[in-house]
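These notes are about the structure you will find just below.
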Number of protein chains: 2
Amino acid sequence: MVHAPEIIENLKRRGFRETPVRFRLLELLSNSSTPLSVPEIIGKLSQQNLKPNKTTLYREIDFLMNQDILVEVRLHDRKKRYEITQQHHHHLVCLKCDSITDIKLKQDLGREETRLAKRFNFAIERHALEFFGYCNNCQ
Amino acid sequence: MVHAPEIIENLKRRGFRETPVRFRLLELLSNSSTPLSVPEIIGKLSQQNLKPNKTTLYREIDFLMNQDILVEVRLHDRKKRYEITQQHHHHLVCLKCDSITDIKLKQDLGREETRLAKRFNFAIERHALEFFGYCNNCQ
DNA sequence: TATATTAATGCAACTTAGTTGCGTTTGTCA
DNA sequence: TGACAAACGCAACTAAGTTGCATTAATATA
């Protein structure tokens with residue numbers, strides 16, 4: 001797991017500041033087992049008596065994505081979710097309770113990507129693969 | 001390719017009506033090589049002097065999805081897109097011009113799904129796999 | 001071919017995620 | 001401790017999608 005203080009130290013070395021929103025957001029996301037959306041983040045931070053404006057959060061997230069600290073995850077609904085950047089992985093998304101489980105694929109898509117790139121002369125940057133269904137508790 | 005009149009005939013046999021919006025929407029989607037969003041559909045139909053209310057379109061799409069005639073496709077942005085139901089496939093999405101190319105995977109994800117289902121006791125209903133990058137024209 | 005039924009439609013008002021402009025606050029370093 | 005830019009908050013906005021309700025029109029059948 002990545003720790004918020006380390007990330008912040010790194011940022012400070014590069015001339016950025018340590019602020020409550022930045023720290024608490026990173027802390028929240030590094031303790032979270034699932035990616036979170038901005039509305040969810042606002043909810044959770046409010047519970048801890050930190051009530052940042054949504055504009056601030058969107059901008060902070062934007063900043064952290066530019067620093068490659070966060071990545072965006074898109075699932076079935078229209079919310080963008082964010083998680084701490086980690087090794088490439090995929091998700092199991094429960095259609096009932098919305099729980100999200102990180103998974104790693106055994107199979108490798110690299111060969112497929114090479115084939116598609118050649119076949120369509122398409123420069124693949126990334127892919128998204130998510131599995132939808134019903135989790136242990138919701139079946 | 002699937003033809004709009006056939007689909008409509010099928011619906012009529014089941015007690016539903018043939019209406020301009022229904023016909024022209026199905027015609028548009030069956031001639032489209034890419035999935036379309038509601039704003040896009042409204043734009044294209046307007047060009048042909050059919051200006052349905054967006055509520056009507058959302059409801060028509062909902063109806064056609066319940067009839068398994070359309071499926072929803074979710075890509076990188078926050079629009080839902082729709083296409084005529086066809087054999088399971090994936091997409092190459094250009095991050096510059098937004099063009100979408102249908103592709104079929106050589107590799108099969110079935111084995112992977114079985115493994116994940118067992119491992120996490122997760123009942124997989126479907127998956128979404130999209131490749132993002134730059135198309136022939138946009139590199 | 002007139003009529004009844006109900007599928008389909010339109011409109012207005014709303015919700016929710018996300019964005020923009022702009023003026024203010026605050027963390028950091030000299 | 002003061003200067004400067006990073007970070008912040010507020011208000012107003014956009015765009016996708018939803019809901020309630022009253023109206024219109026496609027179709028079966030009389």
Side-chain angles (χ1 to χ4, degrees), chain A residues 4-5 7-28 35-46 49-67 69-82 98, chain B residues 4-5 7-28 35-46 49-67 69-82 98:
Chain A
I7 301 175
I8 298 270
E9 277 321 306
N10 250 305
L11 287 174
K12 286 172 89 168
R13 252 174 263 131
R14 278 181 281 155
F16 301 105
R17 299 179 186 167
E18 171 169 356
T19 66
V21 174
R22 181 161 293 161
F23 187 86
R24 304 282 289 281
L25 171 63
L26 285 171
E27 196 181 45
L28 179 63
L36 299 176
S37 67
V38 167
E40 283 164 349
I41 291 165
I42 290 178
K44 302 220 179 218
L45 290 182
S46 293
N49 285 318
L50 181 68
K51 306 196 188 311
N53 189 276
K54 64 175 176 171
T55 308
T56 304
L57 267 182
Y58 280 113
R59 283 201 278 238
E60 183 62 29
I61 286 168
D62 210 57
F63 166 79
L64 293 172
M65 288 204 296
N66 283 329
Q67 302 298 319
I69 293 167
L70 297 188
V71 288
E72 189 180 297
V73 177
R74 295 201 154 256
L75 300 174
H76 56 305
D77 56 20
R78 71 200 191 95
K79 288 177 191 161
K80 293 177 185 172
R81 284 159 222 264
Y82 306 92
D98 256 2
Chain B
I7 301 174
I8 298 269
E9 276 322 305
N10 249 305
L11 287 175
K12 287 174 88 168
R13 250 173 267 134
R14 275 180 284 152
F16 302 104
R17 298 177 185 169
E18 170 169 356
T19 68
V21 174
R22 180 161 295 162
F23 187 86
R24 304 282 288 282
L25 171 63
L26 285 170
E27 194 181 46
L28 179 63
L36 299 176
S37 67
V38 168
E40 283 164 348
I41 291 166
I42 290 178
K44 302 220 181 221
L45 291 182
S46 292
N49 285 320
L50 183 67
K51 305 194 190 312
N53 189 276
K54 64 176 177 170
T55 307
T56 305
L57 268 181
Y58 280 111
R59 283 200 278 238
E60 182 60 30
I61 286 168
D62 211 55
F63 166 79
L64 293 172
M65 287 203 298
N66 283 329
Q67 301 299 319
I69 293 167
L70 298 188
V71 287
E72 190 180 296
V73 178
R74 294 201 155 254
L75 301 173
H76 57 304
D77 56 21
R78 73 199 192 94
K79 287 176 192 161
K80 293 177 185 172
R81 284 158 222 265
Y82 306 90
D98 257 1

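Order of the sequence lines sets the chain letters (A, B, ...), proteins ahead of strands, with each chain counted from 1.
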Rounding to an integer number of Å, can you tell me how far Leu75(B) CG sits from dA16(D) C1'? 15 Å
Has the side chain of Arg22(A) got a donor or acceptor atom that lies under 3.5 Å from a matching backbone atom of Arg17(A)? yes
Tell whether Arg59(A) reaches the base of dG9(D) with its side chain through a donor-acceptor pair below 3.5 angstrom. yes
Which of residues 17-26 of chain A have a heavy atom under 4.0 Å from DNA chain D? Arg17(A), Thr19(A), Val21(A), Arg22(A)
dA28(D) C1' sits how many Å from Arg13(B) CZ, rounded? 17 Å
Rounded distance (Å) that lies between atom C1' of dG17(D) and atom CG of Leu57(B): 12 Å
Counting primed atoms, P, OP1 and OP2 as sugar-phosphate and everything else as base, the B/S/- map of nucleotides 12-17 of chain C against protein heavy atoms under 4.0 Å is B---BB
Note: for Arg81(B) and Phe16(A) on DNA chain D, the residue whose nearest nucleotide lies more 5' is Phe16(A)
List the atom of Ser46(A), the atom of Lys51(A), and the distance in Å for their closest heavy-atom pair. O-NZ, 3.3 Å
Flag side-chain contact, heavy atom, 4.5 Å: Phe63(B) against Leu11(B): yes
Let's go through Leu75(B) and Asp98(B) carefully: what are the C-alpha distance in whole Å and the side-chain angles of both, what is the deciding distance for side chain to side chain contact (heavy atoms under 4.5 Å, CB included) to 0.1 Å, and is it a yes or a no? CA-CA 10 Å; Leu75(B) 301 173; Asp98(B) 257 1; over 6 Å; no
Examine dA8(C): is either OP1 or OP2 under 4.0 Å from a nitrogen or oxygen in the side chain of Thr56(B)? Give yes or no. no
Output the rounded distance in Å from CD (Glu60(B)) to P (dA26(D)). 13 Å
Distance, rounded to the nearest Å, where Glu72(B) contributes CD and dA16(D) contributes C1': 12 Å
Asn10(A) versus Ile69(A): any side-chain heavy-atom pair under 4.5 Å? no
Nearest-0.5 Å distance that lies between atom CZ in Arg14(A) and atom CD in Gln67(A): 5.0 Å
From Ile61(A) CD1 over to Asn66(A) CG, what is the distance, rounded to the nearest 0.5 angstrom? 12.0 Å
Tell me: CG of Leu50(B) to P of dA8(C), nearest whole Å? 16 Å
dC8(D) P sits how many Å from Leu45(A) CG, rounded? 12 Å
Rounded distance (nearest 0.5 Å) linking atom CD1 of Ile42(B) with atom CG of Asn53(B): 7.5 Å
Between NZ of Lys51(B) and C1' of dC11(C) the distance, given in whole Å, is 17 Å
Start with the C-alpha distance between Arg81(A) and Glu72(A), add both sets of side-chain angles, then the distance that settles side chain to side chain contact (heavy atoms under 4.5 Å, CB included), and finish with yes or no. CA-CA 6 Å; Arg81(A) 284 159 222 264; Glu72(A) 189 180 297; over 6 Å; no
